[in-house]
Amino acid sequence: MRLTQYFLPTLKETPADAQIASHRLMLRAGMVTQVTSGIYSWLPLGLRVLQKIQQIVREEQDRAQSLEVLMPTIQPAELWHTSGRYEDYGKEMLRIKDRHDREMLYGPTAEEVITDIFARFIKSYKDLPKRFYNIQWKFRDEIRPRFGVMRGREFLMKDNYSFDLDMEGAKKSYQAMLDAYVKTFKRMGLTAIPVRAESGAIGGAMSHEFQILAETGESEIFYDPAYDELKDDEINLENLQRLYAASDEIHDEANCPVDPKTLKTARGIEVGHIFNFGTKYSIPFGALVSGPDGDQIPVQMGSYGIGISRLVGAIIEAFHDESGIKWPESVAPFKVGLINIRVSDSACTALCDDIYAQLLNAGVEVLYDDRDKGAGAKFADMDLIGLPWQMAVGPRGAAQGQVELKNRHTGEKIELQMADALKKVA
RNA sequence: CGGAGCGUAGCGCAGUCUGGUAGCGCACCACGCUGGGGGUGUGGGGGUCGUGGGUUCAAAUCCCGCCGCUCCGACCA
C-alpha cells in the first residue's frame, strides 16, 4: 500500500482525552476515532489489526471443533424473559423499541439466542457435543467507558457456547477452550494467566478469567509462583484447581493457600473469560436431548468469551515504547514499512519502487511511505504505527543499492544490500 | 448515579475573572530554499466561540436552561 493513497491520519500531539498508552497511541496512529462516549470508528490501519486478531481467534476456535455462526446484534426481549435475565441484567443492557413498540435490546451476549437455536434443532445425544462460536459486536452500556477500546460500550467479542450430554463432556469442552485460549494468546505474543473468577451475570460453577500481564493492567492478580513454571500443555483443569490464581475482586488474603511471602502479584488485563453453567439456560429453553435410554436430558452448557477489540488495546499496552507501538508480527497491520527518504531523488525512488514491487510480488504486506516529506517525519510516523520492520532507502544508500533495515522491537539497525534485506523480511 | 472539570479552526491551547475588531502553536494550501530522525522563509485559507433563551447600546466573556465530552468512585469482556 502506498501511503499517498492510504488514509493514515496520524497525530503529532497527544489528544487530551486519552489517559493510557494504548488509547493515546491508537488515536495518534490513526487506528480509531471516537464517535461518542465508548463508541469508536475503526480506520483502515486499526481495522487491519482487528481483522488479524479475529483471524487468529477464528483459526484456534475452528481447531477446537467449533462451528462459526453469526448471530444478530439486536435481539428480542422475549428471549431474555425466558432466561429471566431481562430483569436481572440492569442498566448495562441497552433496551430499545422497534416501530411496533416491541421491546428489543442490543445484545450484550448471546446465550439466549444460541440456546434457542440449539433447542429448536438438536434433539439427540448423538449430535453432541456441539460448540458454536460467533464473532460479533456487542453492546454494554457501561456506566463509565474509559481507556479507549479497552473499555468501550460497543466491542467486538468472540463468544463460544458448548453443549454436552453430561458434566464429563462439559469438562472436556472447558478443557478444549482452555487449550485454545492458551494457543490463541500465545500466537499474539502474550502471556495469559487463567485466574479463578466469579461468574457474574452469566452465572455458574466453574469459571476462569484470562489475564494478560501488562504493567498498566486494570486489575491486580495474585498467583502461585508455580504458575510461571507451567508448560502450555500443563494448563489443565487439574492444575488450575490445584494452583492458586485470583484477581483482586475475589482474592482473599485470609484464605489464600499460598504463603504471602512467595505469592506473586502482577497487573493484568482481562481478555478472555470462560464459564461452565450447567443447565441454567438449557432448562428454561427446553434444550433437551434424548439420551441412549430415551430419557429427555437437559444439556450441560458453557460459554467462552474473548474481547477481540479489547485485545487491540491490550496488545499495545504490552508492546510499546515512548515513540509508539511495537506490533508482534502476527497481528501487525503491515509487516514492513518502506521509507523513501527522498522522493525527489530519481535513483532513490526507482530503488524504492523496485523494492515495493518485489515485496508485493513475494506476498509481503508492505506500507510504502512515498510522501514528499522530511525524513524525520517519516521515521516518526513509522515508529508510531509500529510495523515490525522498517526499510529505509535514502539517496546515499541508493547509489550503492543499499537499504537500512530496522527492527522495531529491538531497535537494531543494519545496512544491507537490497537483495539481502528482501530475503530477511520475506 | 455521587463528586470534579471542560466545550473557542482538524489537533493542542490562550482569551472569560474585569463585556467593546476572535488569537497563538501545530496541521492544511501556494511558492522558494532545504533534505538520513517531526527543517525553514514568504504569502494564504479555514470559526454558528456546544446549544436555546435572557441581561445590555454591545456577549466567547454576565445570568438561566439544555446537550455533549472527560476525570475520580461504585460496576464491568
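Order of the sequence lines sets the chain letters (A, B, ...), proteins ahead of strands, with each chain counted from 1.
Annotation: of the two residues near RNA chain B, R310(A) and P145(A), the 5′-most nearest-nucleotide partner is P145(A). Residue G374(A) is the one, among R153(A) and G374(A), whose nearest nucleotide of RNA chain B lies closer to the 5' end (criterion: closest heavy atom).
In this structure, T14(A) reaches the sugar-phosphate backbone alone: every heavy-atom distance under 4.0 Å involves primed, P, OP1 or OP2 atoms, never a base. At a threshold of 4.0 angstrom between heavy atoms, the contacts of G90(A) with the nucleic acid are absent. As judged by a 4.0 angstrom heavy-atom cut-off over every strand, I341(A) is placed among the base-contacting residues. Residue contacts shown for D381(A) include a base, since a base heavy atom lies under 4.0 Å away. Within the nucleic acid shown, Q34(A) comes within 4.0 Å of sugar-phosphate atoms alone, with no base atom in reach, counting heavy atoms only. Residue contacts for K158(A): at a heavy-atom cut-off of 4.0 Å it reaches no nucleic acid atom on any strand shown. Within 4.0 Å of G305(A), counting heavy atoms only, lies no atom of the nucleic acid at all. Nucleic acid contact for G313(A): none, since no nucleic acid atom lies under 4.0 Å from a heavy atom of the residue. Nucleic acid contact for D141(A): none, since no nucleic acid atom lies under 4.0 Å from a heavy atom of the residue.
Cation-pi geometry between R131(A) and F163(A) is not satisfied (NZ or CZ under 6.0 Å from the ring centre, within 45° of the ring normal). Judged by the 6.0 Å and 45° rule, R310(A) forms no cation-pi pair with F147(A).
Aromatic rings of F210(A) and F185(A) (six-membered ring for Trp) have centroids within the 6.0 Å cut-off, being under it. A ring-centre distance under 6.0 Å is found for F275(A) and H273(A).
Between S37(A) and U70(B), a side-chain N or O to OP1/OP2 separation shorter than 4.0 Å is present. Contact annotation: Q19(A) does not reach the phosphate of C72(B) (side-chain N/O to OP1 or OP2, under 4.0 Å). A sub-4.0 Å separation between OP1 or OP2 of C75(B) and a side-chain N or O of R144(A) is absent.
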Evaluation steps, side chain to side chain donor-acceptor pair (under 3.5 Å), between Y181(A) and D179(A): CA-CA 5 Å; Y181(A) 278 32; D179(A) 293 343; over 6 Å; no
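Classification of the H23(A)-Y40(A) ring pair by plane angle, with boundaries at 30° and 60°, yields perpendicular.
For R146(A), the side-chain atoms get nearest to C71(B) when compared with the rest of G36(B), C71(B), G37(B). Taking only side-chain atoms of A377(A), from C-beta outward, the nucleotide of G12(B), G38(B), C69(B) with the closest atom is G38(B). With distances taken from any side-chain atom of R396(A) to the nucleotides C69(B), G36(B), C76(B), the minimum falls on G36(B). The side chain of H273(A) has A77(B) as its nearest neighbour among A77(B), C69(B), G73(B). Here G12(B) is the nucleotide among G12(B), U70(B), G36(B) with the atom lying nearest to any side-chain atom of A16(A). Considering only the side chain of R140(A), A77(B) comes nearest among A77(B), G37(B), G36(B). Closest to the side chain of F155(A), from the set G37(B), G68(B), A77(B), is A77(B).
For the side chain to side chain contact (heavy atoms under 4.5 Å, CB included) with D62(A), the qualifying choice from E59(A), E60(A), R58(A), Q65(A) is R58(A), the only one to do so.
A salt bridge links R2(A) with D353(A): at least one charged nitrogen is closer than 4.0 Å to a carboxylate oxygen. Using a 4.0 Å cut-off between charged nitrogen and carboxylate oxygen, D420(A) and K424(A) do not count as a salt-bridge pair.
Pairing partner, C17(B): none, since no Watson-Crick or wobble contact has both distances short of 3.5 Å. Across all strands shown, C28(B) pairs with G44(B); the Watson-Crick or G-U wobble distances both stay below 3.5 Å. Pairing for A4(B) is with U70(B), a Watson-Crick or G-U wobble pair whose two hydrogen-bonding atom distances lie under 3.5 Å. If you check C76(B) for Watson-Crick or wobble pairing at under 3.5 angstrom, you find it has no partner at all.
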Look for any protein N or O under 3.5 Å of an N or O in nucleotides 22-32 of chain B and output each such pair with its distance, or none.
from   : atom 1 : to     : atom 2 : distance (Å)
G25(B) : N2     : E13(A) : OE1    : 2.8

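As rounded to the nearest Å, G15(B) and C29(B) have P atoms that lie 31 Å from one another. Taking atom C1' on both nucleotides, G53(B) is separated from C67(B) by 14 Å, rounded to a whole Å.
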